[in-house]
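First, the structure itself, so that you have it in front of you.
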Number of protein chains: 4
Amino acid sequence: MGVKERKALEKQIRRNQILDAARTLLFSTGIDSISISKIAEQAELGVGTIYFYYKNKEQIFVALQQEGVAILYSTILQIFKNKIGHQEKLTQIALSYYRFSEEQKNYFDIINYFLSSPIVFFEPNLKNRIDMSGRKILLIIRDIVADGVLQGVFNEKDPGKFSIMFWGTLHGLIHFKKLEGTVLENESHKELYDYSVQKLIHTIK
Amino acid sequence: MGVKERKALEKQIRRNQILDAARTLLFSTGIDSISISKIAEQAELGVGTIYFYYKNKEQIFVALQQEGVAILYSTILQIFKNKIGHQEKLTQIALSYYRFSEEQKNYFDIINYFLSSPIVFFEPNLKNRIDMSGRKILLIIRDIVADGVLQGVFNEKDPGKFSIMFWGTLHGLIHFKKLEGTVLENESHKELYDYSVQKLIHTIK
Amino acid sequence: MGVKERKALEKQIRRNQILDAARTLLFSTGIDSISISKIAEQAELGVGTIYFYYKNKEQIFVALQQEGVAILYSTILQIFKNKIGHQEKLTQIALSYYRFSEEQKNYFDIINYFLSSPIVFFEPNLKNRIDMSGRKILLIIRDIVADGVLQGVFNEKDPGKFSIMFWGTLHGLIHFKKLEGTVLENESHKELYDYSVQKLIHTIK
Amino acid sequence: MGVKERKALEKQIRRNQILDAARTLLFSTGIDSISISKIAEQAELGVGTIYFYYKNKEQIFVALQQEGVAILYSTILQIFKNKIGHQEKLTQIALSYYRFSEEQKNYFDIINYFLSSPIVFFEPNLKNRIDMSGRKILLIIRDIVADGVLQGVFNEKDPGKFSIMFWGTLHGLIHFKKLEGTVLENESHKELYDYSVQKLIHTIK
DNA sequence: CATGAATGAGCATTCATTCAT
DNA sequence: TATGAATGAATGCTCATTCAT
């Protein structure tokens with residue numbers, strides 16, 4: 001291993017060290033209380049060092065968001081590989097996102113941070129990275145639907161569009177969890193979610 | 001007009017003056033840059049005066065959110081009253097939310113602020129007010145569907161559930177507007193939205 | 001009853017109404033959280049009205065302090081009147097102050113506020129009123145001692161001085177309650193207090 | 001001297017610079033008027049810088065309190081080391097506290113701040129540090145008494161208890177300085193103090 | 001590479017008091 | 001008498017970022 005490689009490796013190690021610290025904070029006190037100096041303290045590094053490895057706070061958030069998406073993706077990939085029916089796959093994927101929003105709330109929050117906040121400007125590069133990480137999930141859904149169509153299980157002209165609609169619905173509905181107890185007086189939010197998923201799947205049968 | 005009425009009127013005027021200032025800020029620099037002292041400056045009032053009329057910052061946000069919802073509601077109410085088909089009504093409502101998210105982006109942001117942020121605590125009263133303001137919109141949709149079912153145009157056992165799914169889908173998809181240019185490479189976001197709306201309506205035909 | 005008397009009576013009623021409010025706050029949230037506007041709200045009066053009846057916040061505090069001292073005084077007066085020995089009287093008085101500091105903590109705090117805070121300036125009149133209210137308590141102690149001397153139970157040339165020393169010791173020791181758990185590692189504060197009282201009494205035997 | 005040492009030294013200098021500023025304020029306008037921003041201004045530093053060196057305002061107060069206690073302690077230690085009688089030592093210690101409360105009034109105030117205010121919460125660690133600083137003074141008194149007992153000069157079963165009573169009396173009586181001119185009509189406060197000290201010492205003879 | 005000191009604008013909120021009505 | 005609107009300084013504290021070493 002040459003000097004270059006070792007340097008690169010060390011750099012990666014430091015980056016991970018910083019990310020570890022940020023993740024610890026994310027999970028211990030939530031997204032709102034992450035600050036660079038807290039990360040530095042947690043990572044046992046100087047503040048300046050953080051800035052050497054990440055241009056700014058946003059970059060760290062992006063890295064965490066990628067982690068979150070990766071976790072979600074791997075779950076969904078498992079489902080994709082299962083030997084179960086197409087419809088069942090979609091149902092399980094939907095369920096897994098619901099669970100993710102609850103069990104990995106902090107990761108969900110940070111994904112949501114990029115998706116829902118009215119923040120205007122990201123460097124194009126960054127934005128690309130953020131967005132593309134989620135794309136793979138949509139592609140899985142698309143593939144399931146497309147394959148279902150091939151197999152004659154589903155009937156849908158544009159699996160790509162559908163996959164986005166599918167995910168958008170799930171995402172929107174999860175936000176409505178907040179309305180439990182007020183708008184959703186008698187409705188169980190989970191029931192509502194399941195109902196919607198079935199409805200969605202029904203549209204391509 | 002007695003002294004009492006005049007006082008009450010003046011008080012209302014001041015409240016509006018403050019809200020005007022907050023709205024101006026909301027529309028000029030976005031929700032993230034609204035602070036009490038900026039509102040005070042904009043309104044040409046002392047900071048303390050703001051607190052005399054609104055208990056805290058959140059209350060001002062709520063007032064703005066209510067404004068936004070009211071605008072959206074009135075648009076949707078118009079559509080509801082139109083003498084057009086049930087399906088057409090739903091289509092137009094969906095369209096109007098899309099437009100709202102673009103043309104009244106700042107109002108959309110503040111509504112979204114209450115719906116999407118991982119924020120911790122609201123006084124129950126406040127939360128109720130926030131949530132319930134949106135409820136009327138859902139009820140219109142429910143009524144359209146329910147009436148459609150009565151008329152034999154639609155087929156849906158639970159119009160209440162459907163209305164929430166409908167809105168959730170719209171809401172979630174609007175968030176995906178951000179993905180234009182990255183994930184949505186070739187897709188037009190608007191086309192996708194329309195596609196989804198038609199799909200949704202199709203499920204209750 | 002003439003107009004003058006009625007007016008005076010009404011004025012007194014209002015003053016009490018204000019004091020009631022202040023006392024309620026004192027006992028519900030403690031001395032630190034008493035503010036004029038809170039008093040006004042509690043009393044269902046305007047802020048300006050408070051200032052009509054009390055020149056400033058301090059005046060209200062003084063009134064509360066007087067109440068506290070009055071309560072303490074009446075307890076001590078009871079003990080004074082009891083048909084028990086001189087020594088027993090002193091013991092019970094000391095005990096009653098200890099209890100007062102615990103059971104009427106809020107009154108104790110406000111008395112302490114005037115006695116311990118480094119605040120410099122009070123109007124002479126005010127200061128006189130504050131200080132003199134406590135004087136009666138000291139006089140009781142002095143009388144007990146003086147009478148004890150007469151009866152041959154005690155031996156003390158200057159009962160006046162002793163009464164102040166007696167009270168000063170109690171007061172100082174109560175402050176040390178805070179040291180429980182740190183400086184007073186193994187000592188029970190109450191035991192220490194009792195020990196000191198006995199010691200004190202012993203000096204005049 | 002290495003870089004590390006120099007850095008540490010500079011850091012200490014800055015901490016002192018801040019403390020100097022705080023002390024200046026303490027001595028010019030009293031404890032009540034110390035605020036972080038005033039300290040920053042006085043120290044010609046940014047507010048943030050203050051917080052870099054002291055976690056919060058309380059920490060600065062503690063530092064000042066420790067200074068005060070240290071001054072008092074060193075005086076008392078001197079007396080302890082003097083080759084004078086046991087009784088004389090106690091007398092002089094009492095006198096030195098009296099003088100301290102007059103000549104170092106601001107330090108006395110800040111010590112008193114921690115001892116007398118009904119303040120709610122301190123980090124346990126902090127509280128420990130505050131309380132323990134005073135402990136050393138009590139231990140000196142205890143040792144004098146204990147030694148006096150050994151030498152047959154004093155007669156006291158529990159020198160530890162006595163030392164606290166001794167100090168509590170002094171402390172409480174100093175508070176009564178405020179009553180000069182009102183309650184203490186004809187009494188000289190100083191005379192009263194001396195009287196009490198002699199009385200106290202007498203109890204262990 | 002790594003550090004960590006320094007910044008100062010920024011934050012939400014409180015408060016005693018005044019004064020025109 | 002009584003009101004309550006208005007004030008604005010003041011509070012403790014946070015934070016992303018910079019930069020000299």
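These numbers come from the heavy atoms of this one structure, side chains and all, not from hydrogens, waters or symmetry mates. No experiment lies behind these values; they were computed from the predicted model shown. Throughout, a chain's letter reflects where its sequence line sits, starting with A, and its residues are numbered from 1.
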Please report, rounded to the nearest Å, how far the C1' atom of F:dT3 is from the NZ atom of B:Lys11.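 Taking atom C1' of F:dT3 as the reference, NZ of B:Lys11 is at 12 Å.
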
With sequence neighbours excluded, residues passing ring pair (Phe, Tyr, Trp, His ring centres under 6.0 Å) with D:Phe114: D:Phe122

Would a distance-only check, ignoring hydrogens and angles, find a side-chain to backbone donor-acceptor pair under 3.5 Å from C:Ser116 to C:Tyr113? no

Contact class for D:Thr49 (heavy atom, under 4.0 Å): base, sugar-phosphate, or nothing? base

Minimum heavy-atom separation for B:Ile130 and B:Gln65, please, with both atom names.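 Between these two residues, the closest heavy atoms are CG2-NE2, 3.4 Å.
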
From the options F:dG12, E:dC11, E:dT17, select the nucleotide whose nearest atom is closest to the side chain of D:Lys57.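 Within the option list, the nearest is F:dG12.
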
Does B:Ser37 make a side-chain N or O approach to OP1 or OP2 of E:dC11 shorter than 4.0 Å? yes

Assign C:Phe52 to base, sugar-phosphate, or nothing according to its heavy-atom contacts below 4.0 angstrom with the strands shown.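 Contact class for C:Phe52: sugar-phosphate only.
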
Looking for any heavy atom pair under 4.0 Å, which part of the strands does A:Ile60 touch: base, sugar-phosphate only, or nothing?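 The answer is nothing, as A:Ile60 stays clear of every strand by at least 4.0 Å.
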
What nucleotide, of E:dA9, F:dT17, E:dA2, holds the atom closest to the side chain of D:Val47? E:dA9

Most 5' of C:Ser35 and D:Glu44 on DNA chain E, judged by nearest nucleotide: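 Closest to the 5' end, via its nearest nucleotide, is D:Glu44.
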
Residue C:Tyr51, side-chain heavy atoms: nucleotide from E:dT3, F:dT11, E:dA16 that is nearest: E:dA16

Base, sugar-phosphate, or nothing for D:Lys7, non-hydrogen atoms under 4.0 angstrom?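 No contact.
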
For C:Lys57 and C:Ile34, indicate whether the former's side chain and the latter's backbone hold a donor-acceptor pair under 3.5 Å. yes

Take atom CD of C:Glu41 and atom P of F:dT3, then tell me their distance rounded to the nearest Å. 14 Å

Of B:Arg6, B:Lys7, B:Arg14, the residue whose pairing with B:Glu10 passes salt bridge (Lys or Arg N to Asp or Glu O under 4.0 Å): B:Arg6

Shortest non-hydrogen contact between A:Leu26 and A:Asn106, atoms and distance: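 Between these two residues, the closest heavy atoms are O-OD1, 3.2 Å.
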
What's A:Ile36 touching, base or sugar-phosphate or nothing? Going by heavy atoms closer than 4.0 Å. base

Integer-rounded Å distance: F:dA10 P and D:Leu25 CG: 13 Å

When A:Ile50 and C:Lys38 are each assigned the nearest nucleotide of DNA chain E, the 5'-most assignment goes to A:Ile50

If the cut-off is 4.0 Å, is D:Arg6 near the phosphate of F:dT21, judged by side-chain N/O to OP1 or OP2? no

Base-pair string, DNA chain E, Watson-Crick plus G-U, cut-off 3.5 Å on both distances, | for inter-strand, is .||||||||||||||||||||

How many Å lie between CD on A:Glu58 and C1' on F:dT17, as a whole number? 14 Å

Look at the side chain of C:Gln17 and the backbone N and O of C:Ala43, then say whether any donor-acceptor pair between them is shorter than 3.5 Å. yes

